[in-house]
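The next block holds one structure in the form of C-alpha cells; read it before the comments.
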Amino acid sequence: MNKIKELKAGQEGVLIEALIINVVTGKTNGANRSTYLSLALQDDTGSIDAKLWAATQEQVDTIVTGSVVQIKGDIIKYNDDRQMKVIKLVILSKDPQEQVKYLKSAPESKDVLVEEIFETMRNIENVTLRNIVGILCTEHKDQLEIYPAASKNHHEYVSGLVHHTVSMLRLAKSICALYPSIDSDLLYSGIILHDLGKIVELSGPVLPEYTLEGKLLGHISISQAMIKQVADNHHLFGEEVTLLQHMILSHHGKLEFGSPVVPLIKEAEVLSFIDNLDARINMLDKALDLIEPGENTKRVFSLENRSFYKPKFNQKENDE
C-alpha cells in the first residue's frame, strides 16, 4: 500500500488508504454539467487533493468527511502540486478509532514533550507565574497532550500544540542564554500559555474545526481569560499577572495579524518573534518535504504566497 508522501506525478493505478478530511461537490462547465467531488485526503505521512469525476448521487451521499477509504487512482501535476484522479473508491470505515490511524502526529513522544513543559514550569522562580502556569497546565494536561496547534498551516497534527510549545521553549532558552537581560520566567510562562486557548478554539485532534468560541472569541482572548480567571480564583496578584496577560494578547505581533495590542515589553517582542519563527519553519519544512532537491514548492499562501527552492548542492553529503 502506498503512502501519500511517496506519491509522484506520473504514477498510474496507485493504491492508498486515507482519511477524507474535506469534501466539496461541484459541477463541470461542459454541456452535460456532470457532478464531481473534490476530496482532501490524509494519512500519517501527508495529504493530497483528489478529484472523483462523474460522481453518482450515491457517491455524493456516502463519500463524506471522516470516511476512511481505499482509493485507486492516477497521480497528476496540477497547479504546481500533486493531485489524484480517482479511478475507484471504497469506503472502509467511519469509526473514530480507525480515523486516528491516518492522522499525522508530532515527531517526538507526547509524554516527553509534556514532561519538558512541566520541567520548565517547575524551574520558574517567580511564585505567582509558576502557580498560574502550573494550575493551567495541570488542569488541561489531557488536552495539551493531544491537541493540534491549528486546523491547517502549521503544527496541524496530533500533539502539534505541545510540539510547537516545546520547540518555542527550546529557542527561548538559547536566546535567554545569549541575552541575560530577558526575564526568562516571564518569557517561558508566556510561551507555555500563549496558545493554550486553542484547546477551546478547536474541536480536537480528529478533523479539527473551529468551535463557536473559537469563531467568536479566538484563542488569544480565550488564553488571556484563562489566566485572569486562575489569578482571580487563587488570589494571585501583582504586576507580573498583567504582564503575562499582555504577552498573550500581543503574541501575534501586529494588530493586522489578530493581536488586540502590539508588544510593549521586551519579553512580548521576543515571544512574537519566536512564535512566528517556529510556525514559519514548520510550514517551510512541510512544503519542502513534498519535493525533490532542485525543485520549487507550490506557492505557500501563508508565507506571502512565495514558492521556495529546495537546494541540491549538499544532497550527496546528506545522503551519506
Side-chain angles (χ1 to χ4, degrees), residues 19-25 39-42 47 64-68 94-106 110 113-114 117 132-133 135-166 168 190-233 244-245 247-253 255-261 271-272 275-276 278-279 282-283 286 301-302:
L19 174 68
I20 297 178
I21 58 175
N22 191 42
V23 182
V24 176
T25 304
L39 311 172
L41 307 172
Q42 177 178 307
S47 60
V64 297
T65 299
S67 300
V68 175
K94 296 178 183 177
D95 185 340
Q97 292 185 347
E98 290 297 313
Q99 293 172 342
V100 172
K101 296 177 182 178
Y102 298 89
L103 299 177
K104 183 180 177 182
S105 296
K110 65 179 177 59
L113 292 170
V114 170
I117 287 179
I132 292 173
V133 174
I135 291 167
L136 283 169
C137 286
T138 301
E139 182 179 347
H140 301 290
K141 182 174 180 288
D142 290 345
Q143 297 105 312
L144 187 63
E145 287 180 340
I146 61 173
Y147 262 65
S151 63
K152 58 181 179 179
N153 289 337
H154 75 91
H155 300 87
E156 72 290 11
Y157 40 77
V158 177
S159 303
L161 177 57
V162 67
H163 184 222
H164 175 46
T165 302
V166 169
M168 289 176 60
I191 288 172
I192 293 171
L193 299 180
H194 82 289
D195 272 352
L196 189 62
K198 289 185 175 180
I199 66 174
V200 176
E201 182 181 52
L202 299 172
S203 59
V206 180
L207 303 175
E209 296 179 347
Y210 284 90
T211 62
L212 178 63
E213 294 86 351
K215 293 175 181 176
L216 298 184
L217 302 176
H219 73 277
I220 292 179
S221 61
I222 293 170
S223 300
Q224 185 274 152
M226 286 177 164
I227 293 170
K228 179 69 163 59
Q229 184 176 34
V230 165
D232 289 347
N233 289 348
L244 181 58
Q245 290 174 279
M247 298 276 286
I248 306 307
L249 292 173
S250 65
H251 80 263
H252 278 191
L255 302 180
E256 58 265 37
F257 294 163
S259 278
V261 294
L271 171 58
S272 70
D275 184 32
N276 193 33
D278 187 56
N282 185 265
M283 290 185 284
K286 183 172 63 173
F301 178 77
S302 52

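For clarity, every value in this text was computed on a predicted model and none was experimentally measured.
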When rounded to the nearest 0.5 angstrom, what is the spacing between [atom1] in [X] and [atom2] in [Y]?
{"X": "L249", "Y": "S259", "atom1": "CG", "atom2": "OG", "result": "8.0 Å"}
{"X": "H140", "Y": "I135", "atom1": "NE2", "atom2": "CD1", "result": "10.5 Å"}
{"X": "M283", "Y": "K152", "atom1": "CE", "atom2": "NZ", "result": "12.0 Å"}
{"X": "S67", "Y": "L39", "atom1": "OG", "atom2": "CG", "result": "9.5 Å"}
{"X": "S272", "Y": "H194", "atom1": "OG", "atom2": "NE2", "result": "10.5 Å"}
{"X": "Q99", "Y": "I20", "atom1": "CD", "atom2": "CD1", "result": "10.5 Å"}

Could you pull out the closest heavy-atom pair between [X] and [Y], with the gap in Å?
{"X": "L161", "Y": "T165", "answer": "O-OG1, 2.8 Å"}
{"X": "H154", "Y": "N282", "answer": "CA-OD1, 3.4 Å"}
{"X": "I21", "Y": "Q42", "answer": "CD1-OE1, 3.7 Å"}
{"X": "I222", "Y": "E213", "answer": "CD1-O, 4.0 Å"}
{"X": "A106", "Y": "L113", "answer": "CB-CD1, 4.3 Å"}
{"X": "K104", "Y": "Y157", "answer": "O-CB, 3.0 Å"}

Is any side-chain heavy atom of [X] closer than 4.5 Å to a side-chain heavy atom of [Y]?
{"X": "I146", "Y": "D142", "value": "no"}
{"X": "L144", "Y": "I199", "value": "no"}
{"X": "H219", "Y": "V200", "value": "no"}
{"X": "L193", "Y": "S223", "value": "no"}
{"X": "P148", "Y": "L202", "value": "yes"}
{"X": "L207", "Y": "L19", "value": "yes"}
{"X": "V64", "Y": "K94", "value": "yes"}
{"X": "E201", "Y": "D195", "value": "no"}

Answer yes or no: does atom CD of Q97 have more than 12 heavy-atom neighbours from other residues, nucleotides or ligands under 6.0 Å?
no
Could you list the residues that satisfy salt bridge (charged side-chain N to carboxylate O under 4.0 Å, His left out) with D278, not counting sequence neighbours?
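D278 satisfies salt bridge (charged side-chain N to carboxylate O under 4.0 Å, His left out) with no residue once adjacent residues are dropped.
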By salt bridge (charged side-chain N to carboxylate O under 4.0 Å, His left out), which residues pair with D232, not counting sequence neighbours?
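Counting only residues at least two positions away or on another chain, D232 forms a salt bridge (charged side-chain N to carboxylate O under 4.0 Å, His left out) with K228.
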Has S159 got a side-chain atom pairing as donor or acceptor with E145's backbone, closer than 3.5 angstrom?
yes
Would you say H164 and D275 are linked by a side-chain donor-acceptor pair, where the criterion is simply a distance under 3.5 Å?
yes
